Enquirer: 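Following this message is one structure expressed as structure tokens.
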Amino acid sequence: QVQLVESGGGLVQAGGSLRLSCAASGRTFSSVTMGWFRQAPGKDREFVAGIRWISGITIYADSVKGRFTISRDNAKNLVYLQMNNLKPEDTAVYYCAHTARYYSDFSSRTNYDSWGQGTQVTVSS
């Protein structure tokens, strides 16, 4: 089992920045892909960014590309989401996710087997 705990959310003005962290514990050796998803009230959970744990290959949703950066510290079992130039539409609960199985598609939430509790990001205009 892999446990994931997100942190770093908060309230920020449009144009500001936040860095989210996801601490992974448990069977972290099984990590293949780590992802960030977000869910706004009344909306489906949507893919934000993903990273291959070993290779560092990343993929981003079009809505955040150029503004967000996903990274990981393998030694510390941490995954980060650096969010710059935040927009009100970025407001959501952000979830860290993990899969121990390889999938070519980073973005499908059904491909992930572990999820964190989420951290709220609110961007004011």
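Bear in mind the structure is a predicted one, so any value in this text is a computation, not a measurement.
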Enquirer: When you measure from the side chain of D113 to the backbone of A100, do you find a donor-acceptor pair of N or O atoms at a distance under 3.5 Å?
Expert: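 Between the backbone of A100 and the side chain of D113 there is a qualifying donor-acceptor contact (under 3.5 Å).
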
Enquirer: Look at the side-chain heavy atoms of Ile, Leu, Val, Met, Phe, Trp and Tyr, link any pair under 4.5 Å apart, and say whether V5 and V121 land in one connected group.
Expert: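 Per the 4.5 Å side-chain linkage, V5 and V121 are not co-clustered.
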
Enquirer: Rounded to the nearest 0.5 Å, how far does OG of S71 lie from CE of M34?
Expert: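 One finds 11.5 Å between CE of M34 and OG of S71.
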
Enquirer: How about L86 and N84: do any of their side-chain heavy atoms sit closer than 4.5 Å?
Expert: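 Not touching, per the 4.5 Å side-chain cut-off.
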
Enquirer: Below 4.5 Å, heavy atoms only, C-beta onward: do Y95 and R45 meet side chain to side chain?
Expert: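 Answer yes - side chains close enough.
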
Enquirer: Would you compute the distance between atom OG1 of T110 and atom OH of Y103 and round it to the nearest 0.5 angstrom?
Expert: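 One gets 7.0 Å once the value is rounded to the nearest 0.5 Å.
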
Enquirer: How long is the straight-line distance from CD of Q3 back to SG of C22, given to the nearest 0.5 Å?
Expert: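 Here the rounded value is 11.0 Å.
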
Enquirer: Walk me through whether R52 and F106 qualify under side chain to side chain contact (heavy atoms under 4.5 Å, CB included).
Expert: CA-CA 9 Å; R52 299 291 193 200; F106 285 53; 3.1 Å; yes

Enquirer: Determine whether I70 and V32 fall in the same hydrophobic cluster, where Ile, Leu, Val, Met, Phe, Trp and Tyr are linked whenever their side-chain heavy atoms lie under 4.5 Å apart.
Expert: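 No; tracing contacts between hydrophobic side chains, which count when under 4.5 Å, never links both residues.
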
Enquirer: Any idea which heavy atoms bring A24 and V2 closest together, and the distance?
Expert: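 Minimum heavy-atom contact is CB-CG1, 4.4 Å.
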
Enquirer: Is the shortest side-chain heavy-atom distance between Q82 and S17 below 4.5 Å?
Expert: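 Sidechains of S17 and Q82: in contact.
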
Enquirer: Going through the checks in order, is the side chain to side chain contact (heavy atoms under 4.5 Å, CB included) test met by C96 and W36?
Expert: CA-CA 5 Å; C96 182; W36 286 97; 4.1 Å; yes

Enquirer: Side chains of R19 and Y80: is there a donor and an acceptor less than 3.5 Å apart?
Expert: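 No, no side-chain donor-acceptor pair sits under 3.5 Å.
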
Enquirer: Looking only at the aromatic ring of each residue, does the gap between the centers of Y112 and F37 stay below 6.0 angstrom?
Expert: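 Ring-ring flag for F37/Y112: true, centres closer than 6.0 Å.
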
Enquirer: How far apart are the closest heavy atoms of R72 and G56, and which atoms are they?
Expert: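 Closest approach of R72 to G56, heavy atoms only: NH2-N, 3.3 Å.
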
Enquirer: Taking the side chain as C-beta and beyond, is there a heavy-atom pair between Y60 and V48 under 4.5 Å?
Expert: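 No, too far: nothing below the 4.5 Å cut-off.
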
Enquirer: Check whether any side-chain heavy atom of R109 lies under 4.5 Å from a side-chain heavy atom of E46, and answer yes or no.
Expert: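 SC-SC contact between R109 and E46 ruled out.
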
Enquirer: Contact between T33 and I51 at the side-chain level, heavy atoms closer than 4.5 Å - yes or no?
Expert: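 The answer is no, as the side chains (C-beta and beyond) never meet within the 4.5 Å cut-off.
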
Enquirer: I need the minimum non-hydrogen distance between R38 and D90, along with the two atoms involved.
Expert: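 The pair with the smallest heavy-atom distance is NH1-OD1, 2.8 Å.
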
Enquirer: Do L20 and M83 have side chains that approach each other closer than 4.5 Å (heavy atoms only, starting at C-beta)?
Expert: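 Yes, close enough: below the 4.5 Å cut-off.
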
Enquirer: Determine yes or no for a side-chain-to-main-chain donor-acceptor pair under 3.5 angstrom, with T122 supplying the side chain and L11 the backbone.
Expert: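 No; zero donor-acceptor contacts below 3.5 Å.
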
Enquirer: Any luck finding a side-chain donor-acceptor pair between N111 and T99 under 3.5 Å?
Expert: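 Result is no, nothing qualifies.
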
Enquirer: Is there a chain of hydrophobic side chains (I, L, V, M, F, W, Y, each step under 4.5 Å between heavy atoms) that links I57 to F68?
Expert: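 Unlinked, I57 and F68 end up in two clusters.
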
Enquirer: Taking W115 as the starting point, is it possible to reach V93 by hopping between hydrophobic residues whose side chains are less than 4.5 Å apart?
Expert: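 Yes, V93 connects to W115 through the hydrophobic network.
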
Enquirer: Can you see whether E89 engages T91 through a side-chain donor-acceptor pair at a distance of less than 3.5 angstrom?
Expert: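 No, no side-chain donor-acceptor contact under 3.5 Å.
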
Enquirer: For A92 and A40, work out which heavy atoms get closest and say how close.
Expert: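 Where A92 meets A40 most closely, the heavy atoms are CB-N, 3.8 Å.
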
Enquirer: Does V123 share a hydrophobic cluster with Y94, counting links as ILVMFWY side-chain heavy atoms below 4.5 Å and allowing steps through other members?
Expert: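 V123 clusters together with Y94.
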
Enquirer: Do E6 and V79 come within less than 4.5 Å of each other through their side chains, counting heavy atoms only?
Expert: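 The answer is no; the side chains never approach within 4.5 Å.
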
